[in-house]
Chemist: 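Dropping a structure here in structure tokens format, bear with me for questions.
Residue numbers start from 1 in every chain, and the chains themselves are labelled A, B, ... in the order their sequence lines are given, proteins ahead of strands. Note that the structure is a prediction, hence the values are computed from the model and not measured.
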2 protein chains.
Amino acid sequence: MSAKAARSASLPDAAQLSLSEAIAPQVFRALRAAIVTLRVQPGQGLSETDIARRFGVSRQPVREAFIKLAEAGLVEIRPQRGTFVVPITSRDVLNAQFIREAIEVAVIGELASRTTPALIAELRRLINEQRAAAAGDDWPAFLALDETFHRTLAEGAGRGQAWRTLEPIKAQMDRVRYLSFSGASPLPQLINQHAAIVEALARHKRTAAEAAMRRHLREILTTLPAIMAEHPELFEPQHRLPATAA
Amino acid sequence: MSAKAARSASLPDAAQLSLSEAIAPQVFRALRAAIVTLRVQPGQGLSETDIARRFGVSRQPVREAFIKLAEAGLVEIRPQRGTFVVPITSRDVLNAQFIREAIEVAVIGELASRTTPALIAELRRLINEQRAAAAGDDWPAFLALDETFHRTLAEGAGRGQAWRTLEPIKAQMDRVRYLSFSGASPLPQLINQHAAIVEALARHKRTAAEAAMRRHLREILTTLPAIMAEHPELFEPQHRLPATAA
DNA sequence: TGATCCTAACTTGTATGGTAGTATGGATCA
DNA sequence: TGATCCATACTACCATACAAGTTAGGATCA
């Protein structure tokens, strides 16, 4: 397979861009979404010129979007060679999971002693919406509600900024999460875990809340091997080369 | 004070750039170092044209460096207005401290059960070097050794990548740390805290190691008020405006 | 037939010109 | 004297052109 052939796969973009906002961040978000939802797959090449043509803009804003994607660890820019979507590696996923668990468990620990009835009500409302989404097998909606649930926890603890810091790290896990919903989706189990967290919070049981959050966030560790076996072409065979890790 | 006057303060750069590496990352590192060491102070404006002239390069790589600085939270790009070094805020420092504590405590927890004699020896060696630096009042050297100490802990736990993830977040604290050494430097205390961590690790006392690390990383919380009182001009008066937070 | 070299078509990186928007300072008018 | 308006000099942003490097493939020669 030539490099040319590896490039021009389906990038269903050419979306209309808003003129009131700068172009570069719009391109960045569009590409990030395309990568996270695996519309562009690991190993695929992204050419500045090509993307610029599709969006009808110049290379410069596309280039800036590439740089931000590289910082998020979603693409690798090889100078004078090309820019490529990085494969999913268990190493990166495990690292992201470790960081997320450390931060979110700390958030829950703080929140247990300062939670309010209003917050509990809000969280329970979100869980009900999640059940509705699960009943309709609308898992994109569930993903959005899951995001809101965790963000609400962080903001309730006064750590909204920590959640924002976490977002780029989460991107590494998001591709795997997306895959995990393609097969049999264990939505009810995840929702029950959410409920367990909220119940522990409602009773101000700090240790129990921390344990429930930890269990919840470690779910991906159990599903990861099966996903790797199911989609080996999306993962790096062993581990990424340390020399080219930039 | 006019905007023009606020800009052209001392930027002791114009350093020679390597030709074997891309320009943009070099400019980024130079500017980041200048900001973290407060050679360029909060509120100061950075002009693409001005910086490009000083380095003898074009505006484009400078612009890319600005974007990366903005992602690190060190500057704020206001479209069509200018790029400004953001003031230090207790909010950002506290957020960075929270995240760092969550991650490093988790790292120490893992390390306590898997530490090796070789690692303990390495850590003790680093502490001895730190004592030597403290004896000579060489606190820039101490800062480098401190960095190495924490990174060694993370790598010992097999979480080197988590440490790299942490680095951009740490930048927010680094300016405060730099200030804390300008006055009376409590180097011996910090070194004793390092020693306490290593001793707990050597005895595989997980809870004690976690507590020692927590105590160590919370040091900045106690020194922060004094530093804010000493350098009020470097801090945002109350809190940053939420509207302009991009 | 086979290996080698060279050319051409890519890639990212840098430089420069031009545009739209903002802020500042002076001129104008009350 | 004072406030308002406008021209000018900035700013970041985008488009385009050029440069340096890499890769692939075909032509050439043994």
Chemist: Tell me whether the OP1 or OP2 atom of D:dA12 has a side-chain N or O from B:Thr83 closer than 4.0 Å.
Modeler: yes
Chemist: Between A:Arg81 and D:dG21, is there a side-chain N or O to OP1/OP2 distance below 4.0 Å?
Modeler: no
Chemist: Of the nucleotides C:dT12, C:dA15, D:dC14, which has the atom closest to the A:Glu48 side chain?
Modeler: C:dT12
Chemist: Do the side-chain N or O atoms of A:Ser58 get closer than 4.0 angstrom to the phosphate oxygens (OP1, OP2) of D:dT16?
Modeler: no
Chemist: Would you say A:Arg100's side chain and A:Leu217's backbone share a donor-acceptor pair under 3.5 angstrom?
Modeler: no
Chemist: Could you tell me how far apart A:Arg78 (CZ) and C:dG13 (P) are, to the nearest whole angstrom?
Modeler: 13 Å
Chemist: Can you tell me how far C1' of D:dC14 sits from CZ of A:Phe55, to the nearest Å?
Modeler: 16 Å
Chemist: Counting side-chain heavy atoms from CB outward, which of D:dC14, C:dT14, C:dT12 is closest to A:Pro61?
Modeler: D:dC14
Chemist: Taking the nucleotide of DNA chain C with the closest heavy atom to each, which residue, A:Phe66 or A:Gln60, is nearer the 5' end?
Modeler: A:Phe66
Chemist: So, the side chain of B:Gln26 versus the backbone of B:Glu21: is there a donor-acceptor pair under 3.5 Å, distance only?
Modeler: yes
Chemist: Provide, to the nearest angstrom, the distance between the CD1 atom belonging to B:Ile51 and the P atom belonging to D:dT11.
Modeler: 11 Å
Chemist: Under a 3.5 Å distance rule, please check whether A:Glu167 uses its side chain to pair with a backbone N or O of A:Trp163 as donor and acceptor.
Modeler: no
Chemist: Using atom CD1 of B:Ile23 as one end and atom P of C:dT16 as the other, report the distance to the nearest whole Å.
Modeler: 11 Å
Chemist: B:Ile77 CD1 to D:dC13 P: how many Å, rounded?
Modeler: 6 Å
Chemist: Taking CD from A:Glu64 and C1' from C:dT12, how many angstroms apart are they, rounded to a whole number?
Modeler: 14 Å
Chemist: Does B:Arg59 make a side-chain donor-acceptor contact with the base of C:dG17, cut-off 3.5 Å?
Modeler: yes
Chemist: For A:Pro79 and A:Glu21, take the nucleotide of DNA chain D holding the closest heavy atom to each; which residue's nucleotide lies nearer the 5' end?
Modeler: A:Glu21
Chemist: In whole angstroms, how far is the C1' atom of C:dC10 from the CD atom of A:Gln80?
Modeler: 12 Å
Chemist: Let me know the distance between CD1 of A:Ile67 and C1' of D:dC13, rounded to the nearest Å.
Modeler: 14 Å
Chemist: Would you say the side-chain atoms of B:Gln44 pair up with the backbone N or O of B:Phe84, donor to acceptor, closer than 3.5 Å?
Modeler: no
Chemist: Using atom types as modelled and distance alone, determine if a side-chain donor or acceptor of B:Gln41 lies under 3.5 Å from a backbone N or O of B:Leu234.
Modeler: no
Chemist: Does the side chain of A:Arg63 get closer than 4.0 angstrom to OP1 or OP2 of C:dT12 through an N or O atom?
Modeler: no
